[in-house]
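By convention in this document, chain letters (A, B, ...) are assigned in the order of the sequence lines, proteins followed by strands, and residues within each chain are numbered from 1. This structure is a prediction, so every number in the text was calculated from the model and none was measured.
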Amino acid sequence: MSVLARQRQELAALIRSALGQLMARDELPPVNIPEVTLEIPKDKAHGDFASNIALVLAKQVGMKPRDLAGKIAGILSTHQYIEKVEVAGPGFINFFLTKQWLYQVLQAVEAQGQDYGIADCGQGERLLLEFVSANPVGPMNVVNARAAAVGDTLARILAAVGYQVATEYYVNDAGVQTEVFGRSLLARYRQLDDPSYPFPEDGYPGEYVVELAKRLQAEAPGFGQMDEAAQLEFCRKWGIDQMIEWQKNDLLNFNVKFDCWFREQELHEANALESIIQLLNSRGFLYEQEGALWFHSTAFGDDKDRVIVKSDGNYTYVTADIAYHHNKLQRGFTKLIDILGPDHHGYIGRMKAAVQALGCPEDTLEILILQYVALLREGKPVKMSKRAGEFVTLEELVSEVGRDAARYFFVMRSLDSHLDFDLTLAAQQSNENPVYYIQYAHARISSIMGQAEQQGIHVKPVAEIDWQVLDHELEIDLIKKMAELPEELVEAAKERAPHRIARYALELASIFHSYYTHCHVLGEQEKIRDARLALVECVRTVLRRVLGLMGISAPERM
RNA sequence: GCGCCUGUAGCUCAGGGGAUAGAGCAUCGGACUUCUAAUCCGAGUGCCGCAGGUUCGAAUCCUGCCAGGCGCGCCA
């Protein structure tokens with residue numbers, strides 16, 4: 001349990017016992033004591049912790065909130081942990097604690113290091129997080145980049161709170177668009193010798209297809225001797241493979257590495273679609289109508305039933321998706337999270353229905369909708385359509401804005417926000433970008449450490465410092481902020497809200513920068529110097545920790 | 001017509017039952033003989049889209065409306 005959680009628990013117990021005493025003395029009518037929550041006030045003039053218990057209970061016991069709060073406070077103020085209790089506002093009880101608990105925070109940070117804040121809400125549950133999953137017919141774009149940054153960060157957060165997380169990219173390498181892609185590539189190949197060779201009307205017009213055709217010519221001897229059908233198939237398979245390698249590489253440059261790239265083709269080769277149809281049929285969830293086979297998804301709350309096998313005998317995409325999710329479950333995952341774009345929100349009902357039809361609880365599958373990025377350049381919208389062959393790629397984004405800045409920019413917004421990303425602004429502001437602000441805090445501490453080292457000064461273990469000299473307001477603020485990380489992580493995980501970590505990092509860095517200008521570490525008298533050195537080392541640990549959670553580097557110098 | 005998301009400072013966004021609604025950017029004014037000025041300190045700005053309702057208390061929950069984005073195929 002985190003230091004903060006323990007404090008809350010102890011205070012809550014004290015409040016409950018105070019209420020008990022009041023009832024025992026007949027100063028309070030007997031009532032059921034509701035759950036006692038302690039919040040950290042926004043305004044630190046309101047203490048370390050605050051309770052609204054008097055406000056909640058006032059009506060039930062027929063007292064004015066402030067009077068009840070006063071009675072409770074009267075009992076609690078004698079407790080050893082508590083320096084001061086105040087009744088404030090409409091009836092809040094504000095607790096000012098002795099500083100000793102802050103020291104425990106430093107010990108926790110020191111002891112846990114880059115594991116600081118880990119929790120066990122996940123209890124080792126095997127969780128599969130699928131994200132990006134862009135079609136392998138074009139380069140990664142900015143929307144994919146947002147999904148990559150958010151998904152990767154969320155995966156790290158979920159792992160930190162105790163889930164056994166695997167990340168996965170689903171490759172649609174079996175759909176019609178891959179055939180179109182193959183035809184596009186072959187046409188570009190032919191055009192290398194015969195510029196008048198027609199390009200398919202629905203083909204992918206991007207320049208990258210031409211580049212690929214040139215590589216095909218150079219790298220695939222014997223291709224020219226194949227017959228047309230073999231060439232087409234080769235273009236499709238080889239081309240898709242190249243695209244996937246390209247995507248993988250772009251993502252690696254973005255510091256996103258998937259545990260698994262799962263190919264739809266695998267499902268077809270294993271006859272997984274036939275199997276899933278049999279399975280659903282045997283469970284009575286399929287029926288025939290108008291020559292098609294339908295999945296009775298409305299039985300599980302979907303808007304309408306879905307066609308599984310079309311009247312022409314072909315499968316719909318839903319069929320493969322059900323087979324895919326079945327496959328995930330068969331691999332032993334008991335929690336599935338997919339991050340999808342807003343154009344897929346209609347997909348939630350049918351897939352959740354499918355998972356239930358396969359015998360799993362409704363909440364086994366969770367679909368997060370990540371809103372689009374509206375990409376602007378100099379304030380004007382940039383169109384991003386693969387069909388039009390016009391887009392800003394992940395590659396361009398990373399080179400223009402930088403990997404760390406781009407990641408932070410995406411992660412700092414909630415999934416729900418319809419994000420405006422102005423490339424010009426991001427590039428211009430790159431020196432003012434919040435990510436540098438955070439990294440700079442880390443670099444500053446590293447610099448202090450470097451100089452300490454040169455002077456032969458070593459960071460003392462927290463157990464050996466005199467923590468009582470850490471009494472500057474900003475030192476208290478720093479420690480309290482560090483104390484918040486474990487809960488912040490749990491909230492970020494539970495709410496699937498990686499942006500909370502981005503905010504947290506900014507807040508911690510902000511307090512540090514202020515501290516840095518107001519207080520010196522080196523050059524102070526030894527006792528203070530050692531305490532501050534240890535404190536600042538803890539701050540560095542936590543900064544590195546949160547940057548790491550976001551997949552952002554923590555530079556020693558800038 | 002139905003469904004999902006959004007509407008908060010000049011801009012981009014946090015906050016999603018509690019106390020005086022916040023941050024960054026932008027604007028203005030200050031601070032470097034001392035560990036990195038990519039920093040710090042100070043200043044201003046809000047019918048929290050609108051209207052009702054629930055509550056001791058609503059930016060937050062409920063209902064209706066307005067505006068924007070995205071969906072609603074035997075397309076993927």
Side-chain angles (χ1 to χ4, degrees), chain A residues 37 39 41-43 45-46 50 52 54-56 58-59 64-65 88-92 94 135 172 174-178 180 264 289-294 303-304 306-318 320-321 341-349 367 369-372 374 376 379 409 412-422 425-426 428-441 443-452 454-455 495 497 499-500 502-503 506-507 509-510 512-524 529 532-533 536 557-558:
Chain A
T37 56
E39 64 173 84
K42 278 178 281 186
D43 184 346
H46 295 145
N52 65 350
L55 291 159
V56 176
K59 198 173 189 180
K64 287 183 186 167
F92 289 101
N94 294 335
N135 285 331
N172 283 99
V176 283
Q177 74 275 40
T178 64
V180 175
E264 181 183 351
Q289 191 178 311
E290 295 166 17
L293 193 60
W294 295 70
D303 300 345
K304 52 185 91 166
R306 307 291 166 176
V307 171
I308 291 288
V309 182
K310 295 188 259 182
S311 52
D312 67 4
N314 287 315
Y315 301 116
T316 63
Y317 74 98
V318 182
D321 286 336
D343 51 337
H344 283 83
H345 88 264
Y347 171 104
I348 297 173
I367 296 181
I369 297 299
L370 176 65
Q371 293 298 323
Y372 283 142
L376 311 174
F409 210 103
M412 75 189 293
R413 268 72 203 240
S414 74
L415 308 219
D416 285 339
S417 109
H418 304 220
L419 169 61
D420 279 353
F421 195 143
D422 191 320
L425 212 64
Q428 267 174 7
Q429 285 182 353
S430 65
N431 281 356
E432 298 293 331
N433 193 301
V435 73
Y436 296 111
Y437 182 87
I438 300 162
Q439 290 179 319
Y440 187 46
R444 276 180 145 178
I445 299 173
S446 300
S447 174
I448 294 173
M449 293 305 162
Q451 295 198 25
Q454 277 180 13
Q455 295 170 29
E495 291 176 24
H499 74 277
R500 295 184 67 126
R503 277 199 99 66
L506 194 67
E507 287 162 6
S510 169
F512 172 76
H513 281 305
S514 184
Y515 178 58
Y516 183 91
T517 32
H518 288 97
C519 300
H520 272 251
V521 176
L522 303 177
E524 297 292 323
R529 180 198 72 195
R532 288 184 174 175
L533 209 52
V536 151
R557 59 173 56 96
M558 292 172 69

Give the dot-bracket line for RNA chain B from 5' end to 3' end: parentheses for intra-strand Watson-Crick or G-U pairs under 3.5 Å, square brackets for crossings, | for inter-strand pairing, dots for unpaired.
(((((((..((((....[...)))).(((((.......))))).....(((((..]....))))))))))))....

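Counting non-hydrogen atoms under 4.0 angstrom, A:D43 reaches a base of the nucleic acid. Here A:R306 lies out of heavy-atom contact (under 4.0 Å) with every strand. Residue contacts shown for A:Y347 are absent, as no nucleic acid heavy atom lies under 4.0 Å away.
Side-chain atoms of A:Y317 and base atoms of B:rA76 include a donor and an acceptor less than 3.5 Å apart. With hydrogens and angles ignored, a donor-acceptor pair closer than 3.5 Å exists between the side chain of A:N94 and the base of B:rA19. On a pure distance criterion of 3.5 Å, no polar donor-acceptor pair joins the side chain of A:H344 and the base of B:rG71. Below the 3.5 angstrom threshold, one finds a donor paired with an acceptor across the side chain of A:N52 and the base of B:rG18.
B:rA9 and B:rG46 have their C1' atoms separated by 5 Å, with the value rounded to a whole Å.
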Treating primed atoms plus P, OP1 and OP2 as sugar-phosphate and everything else as base, which nucleotides of nucleotides 7-15 of chain B get B, S or - for protein heavy atoms under 4.0 Å?
-----BSSS

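Closest approach to the A:L506 side chain among B:rU39, B:rA23, B:rC35 is made by B:rA23 (side chain taken as heavy atoms from C-beta onward). Taking only side-chain atoms of A:Y372, from C-beta outward, the nucleotide of B:rA19, B:rC70, B:rU55 with the closest atom is B:rC70. Comparing atom distances between the A:A88 side chain and each of B:rG71, B:rA19, B:rA38 picks out B:rA19 as nearest.
Residue side chain A:F92 fails the stacking definition with respect to B:rG18, as its ring centre and the base's six-membered ring centre are not both under 5.5 angstrom apart and under 30 degrees in plane angle. In this pair, A:H345 does not lay its aromatic ring on the base of B:rC5; centres under 5.5 Å and planes under 30 degrees do not both hold.
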